S.K.: 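Structure below; questions to follow.
What you see is a predicted model; the values in this text were computed from it and never measured. Every heavy atom of this structure was used, including side-chain atoms; hydrogens, water molecules and symmetry mates were not.
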Amino acid sequence: MGKNRKKNKIGYQIVGQQQTHLKFVDSLLDSMQEGNEYGSIVSLAPRKDLNLLDEVAKGLNQIENIRKRPCLSYVGNVVRNDGESGIDSTDDLPFAEMVQKVPAEIKKVDLFLATRGGSAHQVSRFVNHLRSRFTEIDFIIPSFCMSAGTLFALSGDNIWMTERACLGPIDPQVPTKDGRFVPAQALLLLVDQLQKKGDDAKKNGTAIPWTAIRIIDTIDKKELGDAITASSYSTMMATQFLKNYKFRNWHRTETRGELVTQKIREDRAMEIAAALASHDRWLNHGHAISRDVLWEEIRLRIERPKNDFNQAIIRLWALFNWIFDKTPIFKTIISKEYKYCKHITLVRN
């Protein structure tokens with residue numbers, strides 16, 4: 001397929017595919033085939049007067065009809081790595097406005113969430129916006145929900161994940177002097193290993209390895225301080241979210257039916273937060289953690305959508321895949337009453 005970026009009749013650019021290969025349809029959602037949702041629309045395009053954000057709202061409405069509650073969405077581009085689709089402070093106002101658009105009498109909502117991650121501080125503001133308005137918030141995860149996105153999902157009363165969905169480690173990344181980002185836990189683990197080498201050498205009466213000394217000398221003290229602070233902040237937030245929201249209605253243990261005390265809630269929250277923040281366990285900040293691993297190994301309860309609900313999630317995510325693959329849009333904040341997106345400007349070849 002050609003790589004030309006041509007402007008098509010509907011006012012945005014189709015990326016990575018010649019316009020002559022496209023068939024224009026009245027609705028991408030209505031054109032999907034079950035079991036081949038994305039494949040069935042990959043060579044299609046909406047007619048010129050169809051707003052893609054209206055199509056997303058239509059997909060959200062299908063979920064709402066099943067769940068009998070509003071479905072909001074925050075979705076970043078996890079299809080193409082544009083480096084700008086993560087959670088940041090510029091999302092605060094549109095997200096708050098989307099929340100405000102929900103009628104005041106409604107107290108239960110869903111949030112359709114997919115993101116590569118971003119700012120943990122902004123996640124805290126998102127949670128404040130939601131919790132000041134609603135008594136119950138469920139998260140629907142259709143695909144990748146990584147890093148700060150995982151942290152966000154932990155603030156929900158329930159987390160719904162399709163078979164294809166995943167969460168990620170919450171070990172934060174900190175910037176280095178050369179502009180790179182490294183997992184804070186990896187830096188702390190390196191320091192611990194070097195300290196152990198030094199302690200062992202001292203105990204055995206031998207010289208500290210010069211390589212360890214050299215590495216310690218090159219570690220920026222500010223970077224190390226940032227790593228300690230960021231790691232503690234992420235783990236603290238995850239613990240508080242789980243304890244205050246996800247575990248607040250947990251009254252009996254599932255295996256033995258024992259009464260759940262506040263201390264049990266706090267201990268379990270700390271245990272799960274520490275596991276998700278452990279670089280030593282996952283080794284890679286981008287590691288995808290499936291719903292089975294979350295439930296069976298981490299002991300974090302994950303809900304599994306079935307039948308029409310599962311199908312509605314798959315369909316909406318296929319639509320988002322088309323949007324992120326074929327258009328300059330890299331982030332959307334959308335509900336039935338509110339539509340906002342960010343996009344890049346593509347240049348003709």
S.K.: Please confirm whether the backbone N or O of A274 pairs with a side-chain atom of S278, one donor and one acceptor, at under 3.5 Å?
M.R.: no
S.K.: Any ion pair linking R67 and D308 (charged N to carboxylate O, less than 4.0 Å)?
M.R.: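 No, no charged N to carboxylate O under 4.0 Å.
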S.K.: Among all residues two or more places apart in sequence or in another chain, which pass the side chain to side chain contact (heavy atoms under 4.5 Å, CB included) test with S124?
M.R.: N128, Y233, M237
S.K.: Please determine whether the number of non-hydrogen atoms from other residues, nucleotides or ligands lying under 6.0 Å from atom NZ of K107 exceeds 12.
M.R.: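 More than 12 heavy atoms, drawn from other residues, nucleotides or ligands, come within 6.0 Å of this atom.
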S.K.: L319 versus E55: any side-chain heavy-atom pair under 4.5 Å?
M.R.: yes
S.K.: Taking it one step at a time, do R116 and S85 satisfy side chain to side chain contact (heavy atoms under 4.5 Å, CB included)?
M.R.: CA-CA 7 Å; R116 294 180 182 274; S85 62; 4.1 Å; yes
S.K.: With heavy-atom distances below 4.5 Å as the criterion, would you say the side chains of L50 and D26 are in contact?
M.R.: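 In short, these two side chains do not touch, never coming nearer than 4.5 Å.
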S.K.: Looking at N77, T115, D91, which one forms a side chain to side chain donor-acceptor pair (under 3.5 Å) with K331?
M.R.: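 Single pass found, and it is D91.
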S.K.: Please report the shortest heavy-atom distance between S119 and D88, naming the atom on each side.
M.R.: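 What the structure gives for the nearest pair is CB-CA, 4.5 Å.
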S.K.: Contact between P169 and T150 at the side-chain level, heavy atoms closer than 4.5 Å - yes or no?
M.R.: no
S.K.: Which atom names give the shortest non-hydrogen contact between R265 and F247, and what distance separates them?
M.R.: NE-O, 3.0 Å
S.K.: Donor-acceptor pair, distance only, cut-off 3.5 Å: does the side chain of N321 make one with the backbone of W317?
M.R.: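 Indeed, once roles are kept as given, a pair shorter than 3.5 Å links the two residues.
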S.K.: With hydrophobic residues grouped by side-chain heavy-atom distances under 4.5 Å, do V127 and L130 end up in a single group?
M.R.: yes
S.K.: Quick check on the hydrophobic clustering: are Y245 and L72 connected, directly or via other members, by side-chain heavy-atom contacts under 4.5 Å?
M.R.: yes
S.K.: Using the rule given for side chain to side chain donor-acceptor pair (under 3.5 Å), can you reason through E37 versus Q311, listing the C-alpha separation, both sets of side-chain angles and the distance that settles it, and then say yes or no?
M.R.: CA-CA 10 Å; E37 285 78 10; Q311 186 61 26; 2.6 Å; yes
S.K.: So, using salt bridge (charged side-chain N to carboxylate O under 4.0 Å, His left out) as the criterion, who are the partners of R315 when residues are at least two apart?
M.R.: none
S.K.: Show the numbers, then the answer: is there a side chain to side chain contact (heavy atoms under 4.5 Å, CB included) between M161 and L294?
M.R.: CA-CA 11 Å; M161 292 176 65; L294 290 163; 3.7 Å; yes
S.K.: Any side-chain to backbone donor/acceptor pair from S147 onto G117? Under 3.5 Å, distance only.
M.R.: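 Judged by distance alone, no pair lies under 3.5 Å.
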S.K.: Nearest 0.5 Å, what's the CG-CG distance between N310 and N307?
M.R.: 8.0 Å
S.K.: Mind checking what makes side chain to side chain contact (heavy atoms under 4.5 Å, CB included) contact with K339, not counting sequence neighbours?
M.R.: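 Residues passing side chain to side chain contact (heavy atoms under 4.5 Å, CB included) with K339: L53, D54, A57, I334.
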S.K.: Linking I/L/V/M/F/W/Y whenever any side-chain heavy atoms sit under 4.5 Å apart, do V79 and I329 land together?
M.R.: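 Yes, because V79 and I329 connect within a single hydrophobic cluster, where side-chain heavy atoms sit under 4.5 Å apart.
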S.K.: Would you indicate whether R248, at its atom CZ, is surrounded by more than 12 heavy atoms from other residues, nucleotides or ligands within a distance under 6.0 Å?
M.R.: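 Enclosed: over 12 neighbouring heavy atoms sit under 6.0 Å from CZ of R248.
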S.K.: Within the supplied structure, the quantity of interest is the number of heavy atoms (other residues, nucleotides, ligands) at a distance under 6.0 Å from F144 CZ; does it exceed 12?
M.R.: no
S.K.: Determine whether I41 and L29 make a side-chain contact, defined as any pair of heavy atoms from C-beta on separated by less than 4.5 Å.
M.R.: no
S.K.: Answer with yes or no whether the side chains of T90 and K342 bring together a donor and an acceptor at under 3.5 Å.
M.R.: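 Per modelled atom types, K342 and T90 side chains form a pair under 3.5 Å.
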S.K.: Using ring pair (Phe, Tyr, Trp, His ring centres under 6.0 Å) as the criterion, list what pairs up with Y338, not counting sequence neighbours.
M.R.: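 Not a single residue meets the ring pair (Phe, Tyr, Trp, His ring centres under 6.0 Å) criterion with Y338.
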S.K.: Give a yes/no verdict on a cation-pi contact between R80 and F324, requiring under 6.0 Å between NZ or CZ and the six-membered ring centre and an angle within 45° of the axis.
M.R.: no
S.K.: Side chain to side chain contact (heavy atoms under 4.5 Å, CB included) between K58 and D30: does it pass, once the steps are laid out?
M.R.: CA-CA 10 Å; K58 180 179 177 181; D30 293 344; 2.8 Å; yes
S.K.: Which heavy atom in L28 sits nearest to a heavy atom in P46, and how many Å separate them?
M.R.: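 Result for this residue pair: CD1-CD, 4.0 Å.
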S.K.: Hey, are the side chains of L300 and L154 touching, using non-hydrogen atoms and a 4.5 Å cut-off?
M.R.: yes
S.K.: Hey, quick one: are W250 and M270 part of the same hydrophobic cluster, counting side-chain heavy atoms closer than 4.5 Å, chains of contacts allowed?
M.R.: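 The answer is no; the residues belong to distinct hydrophobic clusters.
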S.K.: Using side chain to side chain contact (heavy atoms under 4.5 Å, CB included) as the criterion, list what pairs up with E258, not counting sequence neighbours.
M.R.: T253, R256
S.K.: Using a strict threshold of under 4.0 Å (side-chain N to carboxylate O), is an ion pair present between E163 and R304?
M.R.: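 Answer for the salt bridge query: no.
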S.K.: Under the 3.5 angstrom rule, does the side chain of R133 hit a backbone N or O of V102 as a donor-acceptor pair?
M.R.: yes
S.K.: Is the closest basic N to carboxylate O distance between E64 and K336 below 4.0 Å?
M.R.: yes
S.K.: Could you tell me whether D157 and R131 have a side-chain N and a carboxylate O separated by less than 4.0 Å?
M.R.: yes
S.K.: Is the ring pair F139/F152 parallel, tilted or perpendicular, if the boundaries are 30 and 60 degrees?
M.R.: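 Perpendicular, since the angle between the ring planes exceeds 60°.
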S.K.: Could you walk me through whether D292 and S290 pass the side chain to side chain donor-acceptor pair (under 3.5 Å) check?
M.R.: CA-CA 5 Å; D292 289 338; S290 70; 5.0 Å; no
S.K.: Carefully, step by step, assess I141 and F112 under the rule side chain to side chain contact (heavy atoms under 4.5 Å, CB included).
M.R.: CA-CA 6 Å; I141 313 298; F112 191 92; over 6 Å; no
S.K.: Taking a hydrophobic cluster as the set of Ile, Leu, Val, Met, Phe, Trp and Tyr residues connected by side-chain heavy atoms closer than 4.5 Å, whether directly or through intermediates, do L93 and V75 fall within one such cluster?
M.R.: no
S.K.: To check you understand the geometry: which heavy-atom pair defines the closest contact between I302 and W295, and what is its length?
M.R.: N-CE3, 3.9 Å
S.K.: Nearest 0.5 Å please: distance from the CD1 atom of I264 over to the NE2 atom of H251.
M.R.: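 So the gap between those two atoms works out to 13.0 Å.
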S.K.: Please report the shortest heavy-atom distance between L316 and G59, naming the atom on each side.
M.R.: CD1-CA, 4.0 Å
S.K.: Are there more than 12 heavy atoms of other residues, nucleotides or ligands under 6.0 Å from atom CD of E34?
M.R.: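 No, the 6.0 Å shell around CD holds no more than 12 heavy atoms from other groups.
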S.K.: When the aromatic ring centroids of F95 and Y340 are compared, is their separation below 6.0 Å?
M.R.: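 When the ring centroids of F95 and Y340 are compared, they turn out to be at least 6.0 Å apart.
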S.K.: Residues two or more places apart in sequence or in another chain: which of them pass ring pair (Phe, Tyr, Trp, His ring centres under 6.0 Å) with F309?
M.R.: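 Once residues adjacent in sequence are excluded, the partners of F309 under the ring pair (Phe, Tyr, Trp, His ring centres under 6.0 Å) criterion are W160.
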S.K.: Does L113 reach the side chain of I140, with side-chain heavy atoms less than 4.5 Å apart?
M.R.: no
S.K.: Side-chain contact test, heavy atoms from C-beta onward, threshold under 4.5 Å: evaluate it for H129 versus Q100 and give yes or no.
M.R.: no
S.K.: Do I106 and P70 come close enough that some side-chain heavy atom pair is under 4.5 Å?
M.R.: yes
S.K.: Determine yes or no for a side-chain-to-main-chain donor-acceptor pair under 3.5 angstrom, with K68 supplying the side chain and N65 the backbone.
M.R.: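 Yes.
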S.K.: Please find the pair of heavy atoms, one from R69 and one from D138, that lie closest to each other, and give the distance.
M.R.: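 Residues R69 and D138, closest heavy atoms: NH1-OD2, 3.8 Å.
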S.K.: Determine yes or no for a side-chain-to-main-chain donor-acceptor pair under 3.5 angstrom, with S73 supplying the side chain and I333 the backbone.
M.R.: no
S.K.: Considering only NZ, NE, NH1 and NH2 on the basic side and carboxylate oxygens on the acidic side, decide whether R301 and E303 come within less than 4.0 Å.
M.R.: yes
